[in-house]
Amino acid sequence: VMFRSYDTDGSGFLTFDEIYNIFQASFQSKGEKVEPQELLKMVKQCFEQIDTNGDGKLSFDEFKAGVESQKLFINLFVHYPSSTSAK
(Lines give C-alpha, C1' and ligand atoms only; values in the text may rest on other atoms or scores of the structure.)
Protein backbone atom coordinates (compact mmCIF):
# COMPACT_ATOMS: atom_id res chain seq x y z
CA VAL A 1 0.00 0.00 0.00
CA MET A 2 2.81 2.42 0.87
CA PHE A 3 4.58 1.72 -2.43
CA ARG A 4 1.42 2.34 -4.47
CA SER A 5 0.73 5.60 -2.66
CA TYR A 6 4.25 6.82 -3.49
CA ASP A 7 3.93 5.69 -7.12
CA THR A 8 1.97 8.79 -8.13
CA ASP A 9 2.09 8.11 -11.88
CA GLY A 10 1.01 4.46 -11.50
CA SER A 11 4.02 3.16 -13.44
CA GLY A 12 4.80 0.35 -11.02
CA PHE A 13 8.13 1.98 -10.20
CA LEU A 14 9.26 4.85 -8.01
CA THR A 15 11.10 7.44 -10.07
CA PHE A 16 13.73 9.90 -8.93
CA ASP A 17 11.10 12.67 -8.90
CA GLU A 18 8.69 10.61 -6.81
CA ILE A 19 11.39 9.84 -4.23
CA TYR A 20 12.43 13.51 -4.27
CA ASN A 21 8.82 14.50 -3.50
CA ILE A 22 8.65 11.96 -0.65
CA PHE A 23 11.85 13.34 0.90
CA GLN A 24 10.69 16.93 0.43
CA ALA A 25 7.30 16.23 2.03
CA SER A 26 8.96 14.41 4.93
CA PHE A 27 11.22 17.35 5.76
CA GLN A 28 8.41 19.87 5.31
CA SER A 29 6.18 17.88 7.67
CA LYS A 30 8.92 18.08 10.30
CA GLY A 31 9.32 21.82 9.71
CA GLU A 32 12.86 21.40 8.38
CA LYS A 33 14.11 23.50 5.50
CA VAL A 34 16.46 21.61 3.22
CA GLU A 35 18.12 23.30 0.27
CA PRO A 36 17.23 21.76 -3.12
CA GLN A 37 20.87 20.78 -3.80
CA GLU A 38 21.09 18.98 -0.45
CA LEU A 39 17.81 17.21 -1.12
CA LEU A 40 19.04 16.13 -4.57
CA LYS A 41 22.21 14.78 -2.97
CA MET A 42 20.18 12.73 -0.47
CA VAL A 43 17.93 11.28 -3.17
CA LYS A 44 20.96 10.39 -5.32
CA GLN A 45 22.51 8.64 -2.32
CA CYS A 46 19.27 6.76 -1.73
CA PHE A 47 19.24 5.54 -5.34
CA GLU A 48 22.90 4.52 -5.15
CA GLN A 49 22.07 2.31 -2.17
CA ILE A 50 18.67 0.95 -3.14
CA ASP A 51 18.50 0.88 -6.97
CA THR A 52 20.38 -2.39 -7.18
CA ASN A 53 20.01 -2.86 -10.94
CA GLY A 54 20.95 0.76 -11.69
CA ASP A 55 18.00 1.48 -13.97
CA GLY A 56 17.16 4.82 -12.36
CA LYS A 57 13.87 3.69 -10.83
CA LEU A 58 12.88 1.60 -7.85
CA SER A 59 10.87 -1.56 -8.36
CA PHE A 60 8.65 -2.87 -5.60
CA ASP A 61 11.31 -5.47 -4.73
CA GLU A 62 14.05 -2.82 -4.49
CA PHE A 63 11.77 -0.61 -2.40
CA LYS A 64 10.87 -3.53 -0.14
CA ALA A 65 14.54 -4.47 0.32
CA GLY A 66 15.37 -0.81 1.09
CA VAL A 67 12.63 -0.68 3.71
CA GLU A 68 13.58 -4.04 5.23
CA SER A 69 17.24 -3.06 5.47
CA GLN A 70 16.16 0.37 6.76
CA LYS A 71 18.33 2.07 4.12
CA LEU A 72 15.33 3.95 2.76
CA PHE A 73 14.22 5.18 6.16
CA ILE A 74 17.74 6.08 7.23
CA ASN A 75 18.05 8.24 4.10
CA LEU A 76 14.57 9.64 4.53
CA PHE A 77 14.38 10.37 8.22
CA VAL A 78 17.96 11.00 9.31
CA HIS A 79 19.16 14.33 7.98
CA TYR A 80 22.78 15.23 8.35
CA PRO A 81 23.66 18.80 7.33
CA SER A 82 26.20 18.81 4.52
CA SER A 83 28.79 20.49 6.75
CA THR A 84 28.89 17.42 9.02
CA SER A 85 28.36 14.64 6.49
CA ALA A 86 31.17 12.31 5.50
CA LYS A 87 32.70 13.06 2.14
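For this chain, numbers begin at 1 and follow the sequence in order.
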Donor-acceptor pair, distance only, cut-off 3.5 Å: does the side chain of [X] make one with the backbone of [Y]?
{"X": "Asp7", "Y": "Phe3", "result": "no"}
{"X": "Asp51", "Y": "Leu58", "result": "no"}
{"X": "Asp61", "Y": "Ala65", "result": "no"}
{"X": "Glu62", "Y": "Thr52", "result": "yes"}
{"X": "Glu18", "Y": "Thr8", "result": "yes"}

As an exercise, state the distance from CG of Leu14 to OG of Ser59, rounded to the nearest 0.5 Å.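 If we round to the nearest 0.5 Å, Leu14:CG and Ser59:OG are 9.0 Å apart.
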Once rounded to the nearest 0.5 Å, what's the spacing between atom CD of Glu38 and atom NZ of Lys41?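 Rounded to the nearest 0.5 Å, the CD-NZ separation comes to 5.0 Å.
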Among the clusters formed by ILVMFWY side chains lying less than 4.5 Å apart, do Phe13 and Ile22 turn up in the same one?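 Per the 4.5 Å side-chain linkage, Phe13 and Ile22 are not co-clustered.
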Same cluster (ILVMFWY, side-chain, under 4.5 Å), Ile50 and Tyr20: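 Result: yes, single cluster for both.
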Using the ring of each side chain (for Trp, its six-membered ring), is Phe27 parallel, tilted or perpendicular to Phe23, with breaks at 30° and 60°?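 Ring orientation, 0 to 90° scale: perpendicular.
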Minimum-distance pair of heavy atoms, taken over all atoms of Ser26 and Ser29: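 Minimum heavy-atom separation between Ser26 and Ser29: O-OG, 2.7 Å.
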Side-chain donor-acceptor pair present, Asp9, Ser11, cut-off under 3.5 Å: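 The answer is yes; a qualifying pair exists.
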Side chain to side chain contact (heavy atoms under 4.5 Å, CB included) evaluation trace for Val34 with Gln28: CA-CA 8 Å; Val34 180; Gln28 286 177 346; over 6 Å; no
When you compare the side chain of Leu39 with that of Gln24, does any pair of heavy atoms fall below 4.5 Å?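 Gln24 vs Leu39: side chains touch.
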Within a strict 4.5 Å, meaning less than it, do heavy atoms of the Leu40 and Phe16 side chains meet?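 In contact.
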Would you check, one step at a time, whether the test side chain to side chain contact (heavy atoms under 4.5 Å, CB included) holds for Tyr6 with Phe63? CA-CA 11 Å; Tyr6 293 154; Phe63 176 80; 4.0 Å; yes
